[in-house]
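Below, chains carry the letters A, B, ... as their sequence lines are ordered, and counting in each starts from 1.
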Amino acid sequence: MTARDRILRRLRSAGVEALPPPVLPAAFRVGGALPGEAPVDALRRNLEGAQAVVVDARAGDWRAELARICAARGVRSLLLPPGFALAPWPEGPALRRFDRPIEEFKTSLFEDTDAGLTVAGCAIADTGTLVHADPAGQPRTLSLVPPIHFCLLDPRRLHGSLADAIAAEGWAAPMPSNLVFVSGPSKTADIQQTLAYGAHGPKELYVLLAEAPAGPGE
Amino acid sequence: MQSALNFHRDARAVVGNPVLRAGFRGAMDFLMAKRAAQFPDEGAFAELRAAGEAIRRYSLARLPDLLEQLERNLTANGIRVHWAETPEEACALIIEITAKAGGKLVVKGKSMVSEEVELNHALAGAGIDALESDMGEYIVQLAGERPSHIIMPAIHKTKEEIARLFAEKVPGVDYTDSVDALIQIGRRVLRDKFRETKVGLSGVNVAVAETGTLCLVENEGNGRMCTTVPEVHVAITGIEKVVEKLAHVPPLMTLLTRSATGQAVTTYFNWISGPRRPGELDGPREVHLVLVDNGRSGAYADPRFRATLQCIRCGACMNHCPVYTRIGGHAYGTTYPGPIGKIISPHLLGLEATAPLVTASSLCGACGEVCPVKIPIPDLLIRLRQQSQGNAASPLIPGAGAGRKRLMATAMGLWSRLYGDPGLYRLFAWVATRFRFLAPSRQGAWTDSRAPLKPAARTLGERMADRR
Amino acid sequence: MSTGMPPPRSYPAKPADVYLFGTCVLDLFDPEAGVSAAALLEREGIRVHYPPEQTCCGQPGYTSGFPEEARRVAAAQLSLFPEPWPVVVPSGSCAGMMRLNWPALFADDPQHLPAARAVGERVFELTEFLVHVCGTRLDDRGGSRKVVLHTSCTARREMGTHLTGRALLAQCAGVETAQQAREAECCGFGGTFSVRQPDISAAMAADKAEALEATGAEVLVSADAGCLLNINGTLEKRGSRLRGQHIATFLLGRLEGRS
């Protein structure tokens with residue numbers, strides 16, 4: 001008999017009676033979040049509360065905004081998702097694409113990539129959360145390793161809560177190998193409860209709101 | 001083997017250390033205020049924690065079925081599932097996985113279960129280095145210590161102590177007590193290790209049976225590094241951490257982060273449902289899950305102690321505990337300190353090793369009041385005291401009776417006979433009041449810090465009789 | 001019920017008769033508080049009956065892991081309250097023991113369980129009874145005093161008696177109530193905890209004493225005799241001028257222009 005069988009047998013021998021399924025509070029039912037606040041305002045408020053910078057580029061050109069921030073922050077190299085077209089690109093840092101397996105360029109990813117750009121699949125307003133649910137299109141480390149993270153978000157892809165997102169996005173059929181929720185730049189308070197940013201992941205997070213940002217193309 | 005047998009000595013040392021006392025007090029005040037700000041509405045909190053409790057109880061009631069469903073779906077997703085009854089088995093499994101991958105180093109994200117099974121020690125025995133990558137855990141490991149809090153492992157250290165530690169232990173680093181600079185030093189050291197290691201290890205905050213998903217919350221990003229960059233990711237968790245549906249995750253996780261650090265959400269919430277798939281350019285090639293029992297199925301068998309398995313490891317009970325606030329986490333001598341540690345450590349380690357913890361509570365109830373899944377910690381402590389004294393009808397915890405001392409048992413027997421017999425009690429009370437001038441000035445531990453007790457001149461019973 | 005407040009209870013109309021359960025601590029160490037509690041109830045036009053055979057609710061044995069011993073003591077109280085009158089207890093933690101923990105203590109004792117439940121349901125903490133059942137109006141005749149209130153942890157968390165204590169003090173026009181830092185934190189008594197973990201208990205009591213002293217209050221008031229033993233013993237050993245008084249003694253003194 002294996003450890004598995006012995007553990008399961010012990011648990012079963014306790015003879016625990018089944019309970020009715022839990023009833024979730026209204027705020028965790030679909031559509032139950034955020035009474036009274038426009039979702040995009042809540043998203044912005046929450047992200048800014050977590051030290052992210054939100055740039056609303058819906059009226060203008062997000063590429064120009066991106067180039068402006070890159071210049072201001074001294075970004076020399078920007079890593080793009082596989083197959084992502086950033087054109088026209090006014091002028092700015094050198095563009096590279098995450099188009100090979102990580103093993104083939106780990107050193108340059110870790111050592112000389114100043115910023116990464118991702119496109120959020122959707123976002124969650126009531127916690128200020130960017131969702132990356134497509135690890136093939138948006139490699140995991142793109143939002144993790146470079147010290148600055150730019151994230152493009154189409155605000156029409158906004159859900160009120162995580163519960164809404166789970167219900168609407170149909171992730172479970174089948175689950176992506178990795179689903180990452182990002183709610184700010186990396187941080188820690190492990191030294192004397194003093195908040196410090198850029199613990200292991202990006203120190204800065206910029207969220208660019210743009211409708212239909214150029215998708216994967218070329 | 002962990003034990004709480006030096007509890008009194010170690011607790012006394014902290015109580016007498018003003019720097020540590022002030023540090024813990026400041027940290028706990030900070031965490032309590034942060035949590036309180038997240039639950040401004042008592043009614044909403046009550047509703048949310050009722051849901052948290054219901055989700056955990058529902059999941060536990062179906063635990064064996066959910067574990068099988070989880071295993072089925074994880075396997076279908078390409079995650080290999082391993083089962084360990086004991087700490088030794090868990091460590092052996094991880095050593096085997098690491099060896100197979102040709103790894104000489106395991107970089108670890110935060111995992112209390114890995115502390116519980118003493119994984120680092122076992123890896124060292126197999127010639128494998130273990131490196132903690134959570135900033136607090138890294139600091140504690142560098143100092144050769146253990147975490148003193150389950151959420152904030154280095155809460156017992158001042159930034160000056162950490163500055164001296166880094167200057168001494170990290171090559172090429174000068175003394176700086178700037179928190180930002182210290183964090184950047186840790187970042188630099190650990191980034192090299194994330195890149196280099198073949199094996200990354202993590203815990204699991206909750207596992208979802210219906211989808212085969214492992215969920216992890218964190219703020220730093222080291223958890224994502226450990227689960228993303230190395231070729232092999234090993235997750236380790238207790239068998240109790242499973243829920244049925246994705247829809248059960250949001251309420252539990254918001255209770256976790258609000259209760260733990262006063263955050264509505266952590267920076268990262270990482271759902272892992274498989275290794276790198278064709279067409280993906282990063283992510284681990286292999287993902288393993290080690291499910292650890294280590295006494296949990298024993299607690300499960302007891303209808304009352306089953307509630308201990310509801311725990312989501314938020315640490316709110318220790319943040320609000322007046323005892324933890326005075327002594328910190330190390331004095332407990334066990335992986336899990338504070339109120340929750342007092343009620344789960346006896347299952348993990350037996351009462352012989354943990355008997356002193358059972359008495360280390362004034363039963364003030366602060367822990368039960370804040371517990372986000374409504375574990376009745378004080379009630380369970382009372383039951384554990386019965387087991388520890390050998391007075392429980394059906395003791396299920398190993399080591400029943402280990403805390404029994406003849407003096408205490410005799411005193412309780414005398415008390416019971418005296419107060420259980422009104423006539424005898426009246427006689428005793430008459431003597432105690434009439435001879436109150438004989439009350440000793442030293443009354444054991446009571447008078448170490450208090451004036452002696454002295455009975456009144458006449459009892460309440462006598463005075464009430466006079467009034468009629 | 002150690003995860004917070006039980007559901008709100010419904011209160012009866014003011015009765016003509018009550019039992020007073022004086023508690024073991026008041027019997028030996030603070031009979032004045034028990035007598036004052038009786039006087040406060042009588043002021044409401046209630047006849048107070050004090051069963052002379054009463055001893056202790058059994059809490060010390062129960063919380064120390066000696067249920068058999070605790071049952072023996074608690075069982076000796078069960079036949080002392082035969083009339084359907086409320087049982088008023090001038091101590092929050094004892095009242096909580098009788099009302100909320102007796103059912104657990106006697107869960108496997110079918111002989112005593114019904115009586116334990118029946119009596120327990122009739123138990124009221126003194127300040128709770130004065131506020132919610134009597135609707136007491138206090139006619140304060142005392143001078144101007146600054147006081148600070150301490151409430152036992154279980155009474156606060158299981159019965160909300162810090163609110164009723166505060167409400168009664170608020171009726172005293174001459175009383176200014178000071179707020180202590182970390183009001184809800186335990187004083188470190190915890191029954192046998194105080195002698196089984198003396199270092200931790202002493203540290204908690206010292207912090208509590210410091211917080212109380214820092215308010216500048218002239219009197220500490222509490223509805224909990226156990227906490228008062230611990231806090232007063234600590235204050236006295238520290239050489240503090242502050243002393244604690246049972247809330248019944250304090251309130252009666254206000255009505256009579258003494259405290």
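In this structure, B/R187 contributes its side chain and A/G198 its backbone to a donor-acceptor pair below 3.5 Å. In this structure a side-chain-to-backbone donor-acceptor pair under 3.5 Å is missing from B/H248 to A/P22. Judged by distance alone, the side chain of B/D282 and the main-chain N or O of A/R140 form a donor-acceptor pair under 3.5 Å. A distance-only check finds a donor-acceptor pair linking the side chain of A/N178 to the backbone of B/W271 [under 3.5 Å]. A donor-acceptor contact shorter than 3.5 Å is absent between the side chain of B/R195 and the backbone of A/F110.
Residue B/V81 does not touch chain A at all, counting heavy-atom pairs closer than 4.5 Å. Contacts between B/E71 and chain A at a heavy-atom distance below 4.5 Å involve the side chain alone, from C-beta outward. In this structure, no portion of B/N73 lies under 4.5 Å from any heavy atom of chain A. For a residue to count as touching a neighbouring chain, one of its non-hydrogen atoms must lie under 4.5 Å from one of that chain's; by this rule B/I239 touches chain A with the side chain only. Residue B/R188 does not touch chain A at all, counting heavy-atom pairs closer than 4.5 Å. In this structure, chain A has a heavy atom under 4.5 Å from the side chain of B/T254, while its backbone stays farther away.
Within the 4.5 Å cutoff, the side chain of B/E210 has no heavy atoms near those of the A/M175 side chain. Counting heavy atoms from C-beta on, the side chains of A/I7 and B/E85 come closer than 4.5 Å. For the pair A/R6 and B/D293, the minimum side-chain heavy-atom distance is 4.5 Å or more.
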Worksheet entry | From CA spacing to verdict: salt bridge (charged side-chain N to carboxylate O under 4.0 Å, His left out), A/E103, B/R276 | CA-CA 13 Å; A/E103 289 76 13; B/R276 185 189 309 192; 2.7 Å; yes
Item to complete: Go through B/R62 and A/E17 one step at a time and tell me if the salt bridge (charged side-chain N to carboxylate O under 4.0 Å, His left out) criterion holds.
Response: CA-CA 8 Å; B/R62 300 195 49 207; A/E17 270 178 50; over 6 Å; no
Fill in: Derivation and outcome, side chain to side chain donor-acceptor pair (under 3.5 Å), residues A/S186 and B/E220
CA-CA 5 Å; A/S186 154; B/E220 294 185 359; over 6 Å; no
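Checked for salt-bridge contact, A/K106 and B/E196 miss the test: no charged N lies under 4.0 Å from a carboxylate O. Under a 4.0 Å N-O distance rule, the pair B/D65/A/R12 qualifies as a salt bridge.
For A/R76, the CZ atom is loosely surrounded, since the number of other residues' heavy atoms within 6.0 Å does not exceed 12.
No hydrogens or angles considered: a donor-acceptor pair under 3.5 Å links the side chains of A/S143 and B/R224. There is no side-chain donor-acceptor pair under 3.5 Å between B/T158 and A/Q192.
Taking the six-membered ring where tryptophan is involved, the planes of B/F269 and A/F181 are tilted, since the angle between them lies from 30° to 60°.
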